[in-house]
Amino acid sequence: MTKPLVAVQSIEELRARVRAARQAGQRIGCVPTMGALHAGHLSLVEAARRETDFVVLTIFVNPTQFGPNEDFTKYPRPLERDLDLCRSAGVDLVFHPEVGDVYPAPNATYVDVPVVDKVLEGAFRPGHFRGVATIVLKLFNLVLPDAAFFGQKDYQQQLLIKHMVADLNVPVEVRTCPTLRDPDGLAMSSRNVYLSAEERQTALSLSQTLKIAAEMIQRRTAPAEVRAAMKQHLESFAGVKIDYATVADAQTLEEVTELVPQMVALIAARVGTTRLIDNQILTVRAG
Ligand code: PAF
């Protein structure tokens, strides 16, 4: 039988329902999202259901993480469809506040996590991670979850959140769950809906490039050579504009000049007008 789904907009109602669940001895799981849910989000819900007893999914298109020329206004907001998906996925509570509930005007306090917020996404989207860290801390303070679930697709984001939680002693366990892909390799993203059929084909260049990088690193190819091959492959597709395509240390996100134990390949590129990101953890073949 499908569990009843409760969707609330108000902070008071959210707090009351979470408090009741906690008083009933339940562990609270939180899946923060901006809505436009897809199977990737639902896999986070599954992980939350495995680990916790009461799953709160938040839907909030957070204005502070969008730059002035980004897609805040056009970001998809299919609330009814999202609620149906949450119902079938077994979410207990959806919190979908209005901007004014979450950001009282004027909002004077923001969270900066300078350790990994300047490079890669941080360099191309100034202010983005300040917006992410601020809203995630707000959501943690509102939901008070025991554990929160994020996708590896936003690799830098999950790293930043882990730093914030450690630095500010936030009592939340942060879990990173694997990226979900369509059968042809395209990483699932709410922004994929912007792609035309032709652009969607071109977008496969990102996961293909990551595969090339993973194979080269497995064979112990030098990172500079891998980066060159990544760029060359992406550039062979008309309609792809690279922001970055690199191999970095998996913890610091600094570009590596030699093979280190934990590495990650990361790409951000525009396909048409849609900006996509993807990444893959890299392992070196032993011996
Ligand atoms: O990954 C996202 O969807 C957003 O950045 C998040 C974590 C929900 C914060 O707005």
Side-chain angles (χ1 to χ4, degrees), residues 3-22 28-38 40-42 44-45 48 52 54-113 125-145 147-151 154 157 160-161 164-165 168 170 172 174 189-191 193-194 275:
K3 281 203 279 181
L5 171 76
V6 179
V8 301
Q9 257 186 315
S10 94
I11 289 178
E12 291 68 30
E13 231 187 305
L14 165 76
R15 287 200 194 278
R17 289 186 182 270
V18 171
R19 197 179 312 118
R22 192 177 297 289
I28 314 297
C30 181
V31 179
T33 81
M34 298 204 301
L37 304 180
H38 50 68
H41 295 112
L42 302 182
L44 302 181
V45 171
T52 63
F54 186 83
V55 176
V56 183
L57 182 137
T58 68
I59 297 179
F60 181 65
V61 185
N62 171 36
T64 63
Q65 70 186 75
F66 288 79
N69 300 317
E70 294 185 356
D71 56 344
F72 174 66
T73 44
K74 84 162 191 184
Y75 199 85
R77 290 165 170 84
L79 183 62
E80 285 311 315
R81 184 179 166 274
D82 284 351
L83 294 181
D84 285 343
L85 287 171
C86 286
R87 193 169 293 112
S88 8
V91 170
D92 296 283
L93 181 63
V94 173
F95 175 53
H96 59 104
E98 295 289 331
V99 172
D101 300 323
V102 176
Y103 289 103
N107 187 81
T109 308
Y110 290 90
V111 182
D112 277 313
V113 188
R125 303 183 68 188
H128 169 67
F129 283 126
R130 170 184 243 224
V132 169
T134 302
I135 190 61
V136 170
L137 186 61
K138 275 174 176 283
L139 292 171
F140 285 173
N141 284 334
L142 292 167
V143 177
L144 299 176
F149 300 80
F150 296 88
D154 293 293
Q157 168 173 282
L160 177 110
I161 291 166
M164 175 185 77
V165 160
L168 300 181
V170 184
V172 178
V174 178
S189 161
S190 302
R191 289 188 168 99
V193 297
Y194 300 151
R275 189 169 183 281

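What you see below is based on every heavy atom in this structure, not just the backbone, and it leaves out hydrogens, waters and symmetry mates.
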For residues 4-20, please give each side-chain donor-acceptor pair under 3.5 Å, one per line with the distance, not counting sequence neighbours.
residue, atom, partner, partner atom, Å
Gln9, NE2, Glu98, OE2, 2.8
Ser10, OG, Glu13, N, 3.0
Arg15, NH1, Asn141, O, 3.2

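- Minimum heavy-atom separation, Val99 to Pro63: CG1-CG, 3.9 Å.
- Side-chain contact between Leu37 and Leu57: present, with at least one pair of heavy atoms (C-beta onward) separated by less than 4.5 Å.
- Minimum interatomic distance between Ala48 and Val31 (heavy atoms only, all atoms of both residues): CB-CG2, 3.9 Å.
- For Pro106, the side chain to side chain contact (heavy atoms under 4.5 Å, CB included) criterion is met by no residue, not counting sequence neighbours.
- By the 4.5 Å heavy-atom criterion applied to side chains, Pro76 and Tyr194 are counted as neighbours.
- No donor-acceptor pair closer than 3.5 Å links the side chain of Thr52 to the backbone N or O of Ile28.
- To the nearest 0.5 angstrom, His38 atom NE2 is 4.0 Å from Ser190 atom OG.
- Residue Ile161 holds its CD1 atom at 9.0 Å from CZ of Phe129, rounded to the nearest 0.5 Å.
- Put simply, OG1 on Thr58 and CG on Leu142 are 9.5 Å apart, with the number rounded to the nearest 0.5 Å.
- Applying the salt bridge (Lys or Arg N to Asp or Glu O under 4.0 Å) rule to pairs touching residues 76-85 yields Asp84-Arg87, sequence neighbours excluded.
- Side chain of Asp112 to main chain of Arg130: no donor-acceptor pair is present (N/O by atom type, distance under 3.5 Å, no hydrogens or angles).
- Contact record, Leu83 with Val94: CD2-CG1, 3.8 Å, taken as the closest heavy-atom pair.
- Annotation: ring pair (Phe, Tyr, Trp, His ring centres under 6.0 Å) contacts of Phe66 (sequence neighbours excluded): Phe72, Tyr75.
- Remark: Thr64 OG1 to Ile135 CD1 distance equals 6.5 Å, nearest 0.5 Å.
- To the nearest 0.5 angstrom, Leu144 atom CG is 11.0 Å from Leu139 atom CG.
- A distance of 6.0 Å separates CD in Gln157 from NE2 in His128, rounded to the nearest 0.5 Å.
- Nearest heavy-atom pair, Val111 versus Thr134, reported as atom, atom and distance to 0.1 Å: N-OG1, 2.9 Å.
- Residues that satisfy the ring pair (Phe, Tyr, Trp, His ring centres under 6.0 Å) test with Tyr103, not counting sequence neighbours, are absent from this structure.
- The two residues Val102 and Lys138 make their nearest non-hydrogen contact at O-NZ, 2.7 Å.
- Annotation for Gly29 and Phe149: closest pair CA-CE1, 4.3 Å, computed over non-hydrogen atoms.
- Annotation: ring pair (Phe, Tyr, Trp, His ring centres under 6.0 Å) contacts of His96 (sequence neighbours excluded): none.
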Evaluate side-chain contact (heavy atoms from CB on, under 4.5 Å) for His41 paired with Leu85, printing each intermediate quantity in order. CA-CA 10 Å; His41 295 112; Leu85 287 171; over 6 Å; no
